[in-house]
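Everything on this sheet refers to the single structure shown next.
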Amino acid sequence: MLLMARELTYGGSERQLALLASRLGRHGFEPRAGCFQAAGVRAAELRASGAEVAEFPMRSFVRPEAAVRAWQMIRYLERERIAIVHAFDTPANLFAVPLARAARTPVVLSSQRAHRSLSGGPRRHLLRLTDQIVDAVVVNCEYLERHLIEDEKVPAGRIRLCYNGIDLDRFSPENRRKPDEFGCASLVIGTVCALRPEKGIETLIDAFAHLRTPGLRLAIVGDGSSRPALGERARARGLGESCLFLGGRGEVAGLLRGIDIFVLPSRSEALSNSLMEAMACGCCAVASRVGGNPELVREGQTGMLFTPGQAGELAEALQLLIENAALRRRMAEAGAEFVRTHFSAEAAVRRMAEIYREFLDS
C-alpha cells in the first residue's frame with residue numbers, strides 16, 4: 001500500500017496521511033508513504049514510527065525529470081507489488097493515479113480535501129479525468145461529497161466518505177494553561193492555519209481591531225504566502241504587540257490549550273484538522289459558515305458561526321463570548337465532547353481500512 005502526497009510537512013492532508021500510515025499496520029496492512037520531497041516534520045514522524053518513506057524527487061511536472069520519476073514510480077509499484085495506491089492531494093492525484101493505472105495496481109484511490117475552485121483551469125480539468133479512472137474518490141466531509149456530485153458530476157457510487165481523525169491523547173483539554181508566548185494576556189483569541197488567501201485571516205485581524213476589552217491577545221500560528229501582508233494589516237490597524245505571529249509549529253497542542261477562543265475565518269474550507277484539534281483541546285470555537293465547518297460547529301451548541309468575510313459579524317460574536325464566560329465554557333465543553341465522540345484517530349483508521357478492504361475484496 002502506498003499513500004501519496006506532494007510533501008510531508010505541516011498541511012492537513014499530510015497530517016492525515018501520516019496518521020493513517022503510522023496506524024494501518026494494526027489492521028493488517030503494510031502502509032508506505034510516497035512523496036516528491038521527503039523532508040519535513042511528517043516524514044520524520046513516519047520514519048520514527050517505522051513506516052517506509054518512498055521519495056520521487058521533483059519540483060515540477062513540466063521538467064524533464066518528471067518523466068524519469070514517472071518511470072521510477074511505475075517500476076517501484078511493479079517491483080514492490082503494491083496493491084493499493086491512495087493519493088491524498090491534488091499533485092498526487094495528477095501524478096500517482098495515472099501511473100498506478102499504468103502499473104496495473106489493483107486498487108487506485110484519489111482524494112478530494114478542498115473545493116475544486118482552488119484548483120485552477122487545467123488542473124481542475126485533469127482532476128475530472130482522474131475521477132473517471134479511479135476506483136473511488138475519498139472525501140473528508142459531506143460538503144465535499146455534495147460538491148463532487150453536484151458540481152463535478154462524479155457518480156455518487158464512486159465517492160467514499162472518511163472523516164478526518166485526530167490523536168485524542170495529544171489533543172485534549174487536560175492541563176489548560178497559557179504558555180509563555182501569550183504573556184500576561186487576560187484572554188487569548190487564536191487561530192492555527194496555513195497563511196494563504198483562502199484562510200481569510202484578514203477578517204480575523206479586522207474583527208480583533210474592533211474589540212475594546214483590555215488585555216486581549218490575538219495569536220496567529222502558521223506561515224505562508226500571506227504572512228507579510230497580514231503583518232502589515234495588523235500594523236495598519238494599530239494592533240502592535242497585542243497581535244502575535246508565532247510562525248509554523250510542528251506541535252501545537254500546548255498553544256491550543258492556552259487559547260480561549262479559536263477562530264477559523266476561512267473563505268473556503270473542507271473539514272479542518274485545526275478546528276477539530278482546537279475543539280478537542282477545550283477552545284471555544286468560532287468558524288465561518290463555509291464548507292465542512294458547520295459539520296463541526298453546531299451553531300450555539302458546539303460553537304458559533306459567522307458569514308465569511310464579515311469582520312463586524314465576527315467581532316460581535318467574539319465580544320459576546322468575551323463578556324460571557326459561562327457561555328464560552330459551555331460551548332467549549334460541548335465541542336470537546338463532540339470531537340471525542342465522532343472524530344478520533346481510531347475511527348478514521350477503521351473507516352479507511354473498511355474502504356481499502358471493500359476494493360481489495362471486490
Side-chain angles (χ1 to χ4, degrees), residues 1-8 11-14 16-18 20-21 24 29 31-38 53-63 65-140 144-145 147-149 151-162 270 352 355-360 362:
M1 170 190 298
L2 183 70
L3 312 182
M4 183 83 184
R6 177 179 59 185
E7 56 190 5
L8 297 173
S13 295
E14 295 93 322
Q16 289 302 305
L17 185 156
L20 291 165
L24 278 165
F29 296 96
R32 310 173 188 203
C35 60
F36 305 141
Q37 303 295 328
V53 177
E55 183 181 32
F56 306 95
M58 64 176 177
R59 299 283 182 182
S60 169
F61 291 166
V62 299
R63 292 183 179 180
E65 66 181 2
V68 176
R69 301 310 175 204
W71 176 244
Q72 288 177 346
M73 184 172 187
I74 290 173
R75 293 292 304 273
Y76 175 85
L77 297 176
E78 294 174 339
R79 182 180 68 251
E80 300 297 322
R81 298 182 179 180
I82 299 298
I84 301 173
V85 168
H86 184 182
F88 271 69
D89 58 17
T90 293
N93 287 343
L94 299 180
F95 186 77
V97 164
L99 295 180
R101 279 296 177 224
R104 298 182 180 177
T105 302
V107 179
V108 182
L109 307 174
S110 64
S111 297
Q112 193 60 47
R113 295 175 172 270
H115 196 281
R116 284 203 176 156
S117 62
L118 298 178
S119 298
R123 283 195 166 198
R124 190 166 186 173
H125 176 70
L126 291 171
L127 284 170
R128 288 170 175 168
L129 294 179
T130 67
D131 293 338
Q132 300 175 31
I133 62 173
V134 294
D135 294 293
V137 183
V138 179
V139 297
N140 62 3
L144 286 178
E145 184 174 20
H147 166 53
L148 289 184
I149 294 170
D151 303 325
E152 302 298 291
K153 310 308 178 187
V154 178
R158 195 172 294 162
I159 301 171
R160 298 295 182 276
L161 171 62
C162 178
M352 198 67 82
I355 294 171
Y356 294 155
R357 288 199 188 93
E358 172 191 352
F359 291 102
L360 284 175
S362 62

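We're numbering straight along the sequence, starting at 1. Both backbone and side-chain heavy atoms feed into the values below; hydrogens, waters and symmetry mates do not.
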For F88, check ring-ring contact (aromatic ring centres under 6.0 Å, His included) against everything at least two apart and list the hits.
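With sequence neighbours excluded, F88 shows a ring-ring contact (aromatic ring centres under 6.0 Å, His included) to H86, given in chain and number order.
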Set of side-chain contact (heavy atoms from CB on, under 4.5 Å) partners for [X], sequence neighbours left out:
{"X": "L360", "value": "F29, A83, I84, V107"}
{"X": "R59", "value": "Q37, R63, E65"}
{"X": "A18", "value": "R42, E45, L46"}
{"X": "T130", "value": "L94, V97, L127"}

For [X] against [Y], the heavy-atom pair lying closest together:
{"X": "P31", "Y": "A21", "answer": "CG-O, 3.2 Å"}
{"X": "I149", "Y": "A156", "answer": "CD1-CB, 3.8 Å"}
{"X": "N140", "Y": "A270", "answer": "OD1-CB, 3.7 Å"}
{"X": "A66", "Y": "M58", "answer": "CA-SD, 3.7 Å"}

Working to the nearest 0.5 angstrom, can you tell me the gap between [X] [atom1] and [Y] [atom2]?
{"X": "F95", "Y": "L126", "atom1": "CZ", "atom2": "CG", "answer": "14.0 Å"}
{"X": "Q16", "Y": "C162", "atom1": "CD", "atom2": "SG", "answer": "7.5 Å"}
{"X": "L2", "Y": "C35", "atom1": "CG", "atom2": "SG", "answer": "9.5 Å"}
{"X": "T105", "Y": "I82", "atom1": "OG1", "atom2": "CD1", "answer": "7.5 Å"}
{"X": "S111", "Y": "N93", "atom1": "OG", "atom2": "CG", "answer": "6.0 Å"}
{"X": "S13", "Y": "M4", "atom1": "OG", "atom2": "CE", "answer": "13.5 Å"}

Test item: E145 side-chain N/O and H147 main-chain N/O as donor-acceptor pair under 3.5 Å:
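Side chain of E145 to backbone of H147, a donor-acceptor pair under 3.5 Å: no, none is there.
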Applying side chain to side chain contact (heavy atoms under 4.5 Å, CB included) between L144 and each of V139, L161, V137, report the one that passes.
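Among V139, L161, V137, the one that satisfies the side chain to side chain contact (heavy atoms under 4.5 Å, CB included) with L144 is V139.
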Report the relative orientation of the aromatic rings in F36 and F61; use parallel for angles under 30°, tilted for 30 to 60°, perpendicular for over 60°.
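Perpendicular: the ring planes of F36 and F61 meet at over 60°.
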Give the intermediate values and the outcome of side-chain contact (heavy atoms from CB on, under 4.5 Å) for residues V85 and L99.
CA-CA 10 Å; V85 168; L99 295 180; over 6 Å; no
Check the pair D151, H115 against side-chain contact (heavy atoms from CB on, under 4.5 Å), reporting the backbone distance first and the verdict last.
CA-CA 10 Å; D151 303 325; H115 196 281; 4.2 Å; yes
Can you list every salt bridge (Lys or Arg N to Asp or Glu O under 4.0 Å) pair that touches residues 68-77, not counting sequence neighbours?
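Found none.
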Pair listing, salt bridge (Lys or Arg N to Asp or Glu O under 4.0 Å) test, anchored in residues 118-139, at least two apart:
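For residues 118-139, and leaving out neighbouring residues, the salt bridge (Lys or Arg N to Asp or Glu O under 4.0 Å) pairs sorted by first residue read R101-D135, R116-D131, R124-E152, R128-E152.
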Which residues satisfy the side-chain hydrogen bond (donor to acceptor under 3.5 Å, both in side chains) test with E14, sequence neighbours excluded?
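Testing E14 for side-chain hydrogen bond (donor to acceptor under 3.5 Å, both in side chains), a comparison that skips the adjacent residues, returns none.
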Which residues pass the side-chain hydrogen bond (donor to acceptor under 3.5 Å, both in side chains) test with E358, sequence neighbours left out?
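E358: side-chain hydrogen bond (donor to acceptor under 3.5 Å, both in side chains) contacts with R160.
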Below 4.5 Å, heavy atoms only, C-beta onward: do L148 and R158 meet side chain to side chain?
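Counting from C-beta outward, L148 and R158 never come under 4.5 Å.
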Any pair with a residue in residues 76-85 that passes side-chain hydrogen bond (donor to acceptor under 3.5 Å, both in side chains), sequence neighbours left out, goes on the list, sorted by first then second residue, please.
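Checked against side-chain hydrogen bond (donor to acceptor under 3.5 Å, both in side chains) - neighbours excluded - the pairs reaching residues 76-85 are R32-Y76, R32-E80, E52-Y76.
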